[in-house]
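Below you'll find the structure, written out as structure tokens, and then a few comments.
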Amino acid sequence: MKPIAPFVLVVLLVPALAACKARPAIPPTEVLVSAAASLTDVLREAQRQFEAENKPVKIRFNFGSSGALQQQIEKGAPVDLFIAASTAPVDALVRKGSVSATAVRVIASNEVVLIQSASTPALVRSWDDLRQSQVTKIAIGNPEHVPAGMYGREVLERLGLWPAVERKLVFGEDVRQVLHFVESGEVQAGIVYGTDAASSKKVTVVAPAPAASHAPVVYPAAIPIDARNAAGAKAFTDFLISPKGKAILGKFGFGTVD
Amino acid sequence: MNSLLWTLWISLRISLLATALVMVVGLPLAWMLSRPRWKAKGLLDVAVNLPLVLPPTVVGYYLLLLMSRGGPVGALTQRLWGASLIFTPTAAVLASAVLGLPLFVQAARNALEGVPPEAYEAAQIDGADRWSAIRRIYIPLAWPGIWTGLLLAYARSLGEFGATIMVAGNIPGKTQTMSLAIYSAVQAGHDSAANLLSLILTAVASFSMWVGLRWRNPARARRGGGSP
């Protein structure tokens, strides 16, 4: 057998080195938006209209969990606009000096709702029904790091239900997982956002959380201090809070803020 | 459809480049670890295998620290070309390579350890120096194991998610791999898109593993079918 290893090595190494050469990260007409994954659909729709009206500006998205997106910006990722699913990650960036407090604007709001599967017989008719012994499993986002779970815990605590339901809770690693648990009937109820409930035909809303039972669910948009295209980021934020942007947000079930 | 093919291309490119990098870095490491006891061998052994034990998101967080402006890699790239690697395909290649490295090193090292000392002694009698013994005796005899290691690293890379999304982001058309696209589709509630993507990734992974395993076969290699 011929010694083929050096040959394989050279063939594979050349493109590897080529990929490592320097290249300017982002052209100046591009706006890189790091956004909470739950905003995927509504932001794509907003992007289509915005790009049509603002040629040649292009929006590029980086969708992920708000916590991970925060870490990336903190470590200097070249992000122009950060749209988070709660105020906590943006507040943390303001504290650490990656975002100036004046560069934060709230673009949308949401509701916290209690849902159950549409296909199984209705077991839960109110928040209080979560106490019942037939309700054995309730899905919420992991309150350690999933914003919807933090709101969920807050609601359960304010309603005085936490001690009764704590042992029944099943944690989802994101709000979509909570939705899937409820859709599949594996749990009797779950706590998600109004927009998630509206996106699925397999679940029904039992009741929204009373307004005073949790901090308002808002989506802040923040322009990092190191943004390369702060002007583009500001233009996109302006679009989102314009009447056109509000119409798109409303279409996907989000509340808007004045 | 076009963007789907592009995503697949990004995935394959990152996996192949990561595999190449693993080979370049991992073969000397496997060689060193296959030699009899020497100072600090245990330390190197632990360091190479660490990514196997840590959750990928933790590995990703460490890499993010290294690549940030304050980190050694970030400071270097900042000086070299005035930009960080965060959110580039190169970052994804590095993340995949770090996670694939222990798999490759283990397989290659076992194979190198299995080469009988007599083969090396015979080569020495014939006047071969150390380097040509490695090239002509050790690597050819250990090749099935080395190739298996490459396949494992490639497979790990194709399915990589946690570390990649930390350092390379999830930017469609740029750093979004098939695994990240599946995550995004699930997060957005696009279940049928997620199913389609999963199906395609499964098919591509199965096909490439099938091809790879055929090449591993020593009988084929002897007939000269060993080189890609």
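In what follows, chains carry the letters A, B, and so on, assigned in the order in which the sequence lines appear, proteins first and then strands, with residues in each chain numbered from 1. Below, all heavy atoms of this structure are taken into account, side chains as well, without hydrogens, waters or symmetry copies.
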Need one label for A:S200: side chain, backbone, both or neither, based on atoms under 4.5 Å from any heavy atom in chain B. neither
B:S68 and A:Q71, any side-chain heavy atoms less than 4.5 Å apart: no
Output the option from B:I146, B:L180, B:V186, B:T77 having the highest count of non-hydrogen pairs under 4.5 Å with chain A. B:V186
Between B:N170, B:I86, B:L65, who has the most heavy-atom pairs with chain A when the cutoff is under 4.5 Å? B:N170
Kindly check if the number of other-residue, nucleotide or ligand heavy atoms within 6.0 Å of CZ (A:F252) is above 12? yes
I'd like to know if A:K202 pairs up with B:D191 as an ion pair, taking the criterion as any Lys NZ or Arg NE/NH1/NH2 lying under 4.0 Å from an Asp or Glu carboxylate oxygen. no
Residues in residues 56-69 of chain A near chain B [non-hydrogen atoms, under 4.5 Å]: A:R60, A:F61, A:N62, A:F63, A:G64, A:S65, A:A68
When rounded to the nearest 0.5 angstrom, what distance separates CD in B:Q187 from OG1 in A:T40? 7.5 Å
So do the side chains of B:L64 and A:E74 get within less than 4.5 Å of each other, counting heavy atoms only? no
For chain B, which residues of residues 176-185 of chain A have at least one non-hydrogen atom nearer than 4.5 Å to it? A:R176, A:H180
Heavy-atom nearest pair, A:G76 first then B:S84, reads O-OG, 4.4 Å
A:Q72 side, atom CD; B:M166 side, atom CE - distance, nearest 0.5 Å: 6.0 Å
